[in-house]
Amino acid sequence: MKRISTTVAAALATTVALTGCGGSSGDSSGGGSSGAQLVFRQFDPANEVQGLQEAVDRWNSENPDVQVEMQTLSPNNIQQFAREANSGSGPDIQQLGFVDVSFVADPGILLPLDDLMASSPMESGPDELLATDMVEFDDQTWALPWTADTMALVYRPDALEQAGLDGPPTTWEELASDAEAISSSSDGQTAGFCFAGAGAATGAQWFAINYYIWANGGNLVEEAAPGDWQPGISEADLASAIDYFAGLFESGATPESYLTVADYSDPSIVNGLSSGSCAMSYEPPQTFDLIDGQAGGSVTTAPMPDGLTDGSTHLGGRALGINANTENPEEAWEFVKYLASETTFESYDQYPASPSTLEALDVPESQQGFVEQLPHSRSFARYIGSPMTVASLQQLVNQQFSAVYSGQATSQAAARAILDGLESGLQG
Amino acid sequence: MTTTVRRRAQPYALTAPALAVIGVLFVFPAVYNVVLAFQRLSPFESPGDAVWVGFANFSALFRDPQTRTSAVNTVLWLTATTVVLRLVLGMGLALLLQSRVLGRWGLRGVARTLVLVPWMLPPVVAVASWRWLLDANSGVVNQVLVGLGLVDRGIPFLASTDTVWWSVVAIIVWRELPFVVIVLMAGLQSIPQEQYEAASLDAAGRLQSFWYVTVPNLRPVITVIVLVTVIQTFNNFVYVWLTTGGGPGTYTQVLATQLYSAAFIANDLGRGAAIGIVMTCVMAVFAVIYLRVSNEREETP
């Protein structure tokens, strides 16, 4: 019996210890420390956030009473944060993709920021920030737009020059003809336009498809009246968009091998641009940095085709939200303000969502494509609020475009399937 | 507490922890999954926010034309094809590894170790490696094919409808074959040598010995292998999702990937739970057969 009692005591001790590990990390009273302990969770890969870690370390050295631990949980898993917050735990400050804020804009998950903003205002007003339409719902601000990005055309000037082209394409038609010219003039050694053509749910062709549709005046879904969502593109226009992208493979502008590529950061695109076997693609800033480093200055950026037309490209980025369960909301807000300040972006290699902060930063010449395009980019707010999630739209569109590339469906059949999927999904 | 009471309570006390674990980890999630199938709930809501929708999730599931395609893919390609291939190739490998020739050359140990290698790799790593091997740009398979002049340019194995299912099947068979080989080898080792000697005395050739001695002796083992691999494979999500994501288009969509898409991409946990219940019902049939076969084997003196 004595042995059993000892075992039970040991088990209880272990349980208590484990419970302690899983407790609220935002507990300011634990560990004998008199100051606040905050947990900031972000999801970008560890190799992209060294500058951010430096900024956090700087905060910790300057604010001994408010210490912050940066957690990296990559890739993005917003459902994990929602589960934790719903059960009363989770990090104090959470990095959020713009499109995810609407899912967690709930008083049980995120703390509305309006009162904190009023009591301790930011240096530059929140109205100046980009993408506020992605963080404001029901007249409340649920997160602070933090970083901004978009996809710019990344190209190799030497490959264009060898094909006799003066400069990067400025329209989608030019892109197709230029890419075909590059592929054919190099006998297939240099692919004209490398893009991720796989039908994966998270496939990156989604961005190019939307850019093409938006540049041609369409939208996948539109809110015809408050709460009444409808497909925003005709079957003929959708089929035409599918034909355009399928035509890139048929003409040889894009090699068939890219049918299996799902991500813009796939090695075949990144290494292709670096080595010169790929002439053009589209990338966000952080991936461009990687390619630029590998290519030794042989790549540069330009706005996407029609990218200087307002609303023809997407404005992506990250926001910062405060967990509704935090025991230190004021301290968390001060840290959020710090992350959004110019000081952070001096070491953190991202574009701030504040245009005034962006202007103050020294952006390299090769990245001017992003800088030129960003003011014209618009967020995916145009799709937020519909009964279909952006991820569902992305999966449906990627699958059907991919079905045409692989010969399973005609462009008309795929366009009809997309519209059927939209109509069914929008009914809720 | 008297000794009698303590003695009577002892079985309950000893089984209580196991029952608690089973209840918390198996019974509760299973029951909750059934409840969820009749509700509408997103992963961002707490269970208290769920809305009862009756059989709506099931009717939507059976109206969706994708369900039929996914079911056919799950049964025909993911399960039947891979199980049959694993059994046939596994039998061949098991016989090879048992052969006297390998023993004579001292290669039996090395060969057995090599056969186990795929099983040691985590499925995610195995799929990532195969994706790289089959890559149309830089994959070794295509480099060899182009180098030998068999094709002009790389074949997009995982994006062409002609090759994608066979590629997925190859990955699954490669990764899961060792389990079949090990179990068959154990079965082969349990066959009494006298039976082969008797067959030899009756002038039976190798093929006849295999057919009239090996196969009948292995039949119970083969039955268990089929049932276990069917149950393991029918529910499998990892291979298809990581290899093709259900594409190109929806060509390789299976029930498990459809479940994931419904629950975690469309954020409809109820619909995902409904698909899960349909899959469970199908698997329950195989589980019952498996349990019956196992019990029969245990009861056989």
Side-chain angles (χ1 to χ4, degrees), chain A residues 78-83 85-87 100 102-106 108-109 188 191 194 197-203 255-262 266-269 271-272 277-278 387-389 391-392 394-396 398-409 414 417 420-421 424-425 428, chain B residues 1 6 13-14 17 40 42-49 53 56 60 63-66 69 131-132 134-139 142 152-164 167 241-253 257-258 260-269:
Chain A
I78 188 65
Q79 291 165 5
Q80 168 74 20
F81 170 64
R83 276 194 294 273
N86 272 322
S87 62
D100 291 332
S102 64
F103 296 129
V104 286
D106 181 293
I109 299 177
C194 304
T202 54
E256 279 192 347
S257 55
Y258 286 88
L259 289 171
T260 54
V261 176
D266 189 276
S268 61
I269 298 180
N271 296 340
S277 62
C278 215
M388 289 185 82
T389 62
S392 283
Q394 184 173 8
Q395 185 181 38
L396 174 67
N398 285 354
Q399 279 178 345
Q400 292 304 326
F401 273 65
S402 155
V404 176
Y405 307 155
S406 60
Q408 285 175 73
D420 287 346
S424 158
Chain B
M1 195 182 285
R6 196 180 296 160
L14 290 173
R40 189 172 64 237
S42 94
F44 304 101
E45 296 169 316
S46 51
D49 299 326
V53 294
R63 278 201 315 271
D64 186 350
Q66 182 59 50
T69 315
R131 279 181 61 93
W132 174 71
L134 296 174
D135 186 88
N137 282 313
S138 55
N142 273 311
D152 295 332
R153 62 180 69 174
I155 301 166
F157 287 105
L158 298 174
S160 163
T161 52
D162 295 331
T163 52
V164 65
S167 305
W241 189 255
L242 294 181
T243 310
T244 66
T250 54
Y251 196 75
T252 57
Q253 190 85 280
T257 56
Q258 196 179 341
Y260 179 82
S261 298
F264 300 110
I265 292 179
N267 290 338
D268 191 343
L269 293 178

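Every chain is numbered from 1 and lettered A, B, ... according to where its sequence line falls, protein lines coming before strand lines. Computed from a prediction, not measured in an experiment: that's the story for all the values here.
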Comparing B:Pro156, B:Gly245, B:Gly246 against chain A, the one with the most heavy-atom pairs below 4.5 Å turns out to be B:Pro156
Nearest 0.5 Å please: distance from the [atom1] atom of [X] over to the [atom2] atom of [Y].
X        : Y        : atom1 : atom2 : result
A:Asn398 : B:Thr250 : CG    : OG1   : 13.0 Å
A:Ile109 : B:Ser46  : CD1   : OG    : 8.0 Å
B:Ile155 : A:Glu256 : CD1   : CD    : 10.5 Å

Among the options A:Phe401, A:Tyr258, A:Tyr405, A:Phe103, pick out the one with the most heavy-atom pairs lying under 4.5 Å from chain B.
-> A:Phe103
With a 4.5 Å cut-off on heavy-atom pairs, point out which of A:Ala403, A:Ala82, A:Ser257, A:Ala414 contacts chain B the most.
-> A:Ser257
Side chain, backbone, both or neither: which part of A:Gln395 has an atom under 4.5 Å from a heavy atom of chain B?
-> side chain
Does any N or O in the side chain of A:Thr389 come within less than 3.5 Å of the main-chain N or O of B:Ile265, such that one atom is a donor and the other an acceptor?
-> yes
Just by modelled atom types, is the B:Pro248 backbone N or O under 3.5 Å from a matching donor or acceptor in the A:Gln408 side chain?
-> yes
Could you list the residues that satisfy side-chain hydrogen bond (donor to acceptor under 3.5 Å, both in side chains) with A:Asn271, not counting sequence neighbours?
-> none
Should we count CZ of B:Arg40 as having more than 12 external heavy atoms under 6.0 Å?
-> no
Part of [X] within contact of chain A (heavy atom distance under 4.5 Å):
X        : value
B:Arg131 : side chain
B:Gln253 : side chain
B:Ser138 : neither

Given side chain to side chain contact (heavy atoms under 4.5 Å, CB included), test B:Asn267 with A:Gln79 step by step and report yes or no.
-> CA-CA 10 Å; B:Asn267 290 338; A:Gln79 291 165 5; 3.3 Å; yes
What is the minimum heavy-atom distance between B:Phe44 and A:Asn86, and which atoms define it?
-> O-ND2, 3.2 Å
Residues at least two apart in sequence or cross-chain that pass salt bridge (charged side-chain N to carboxylate O under 4.0 Å, His left out) with B:Asp162, listed by chain then number, are none
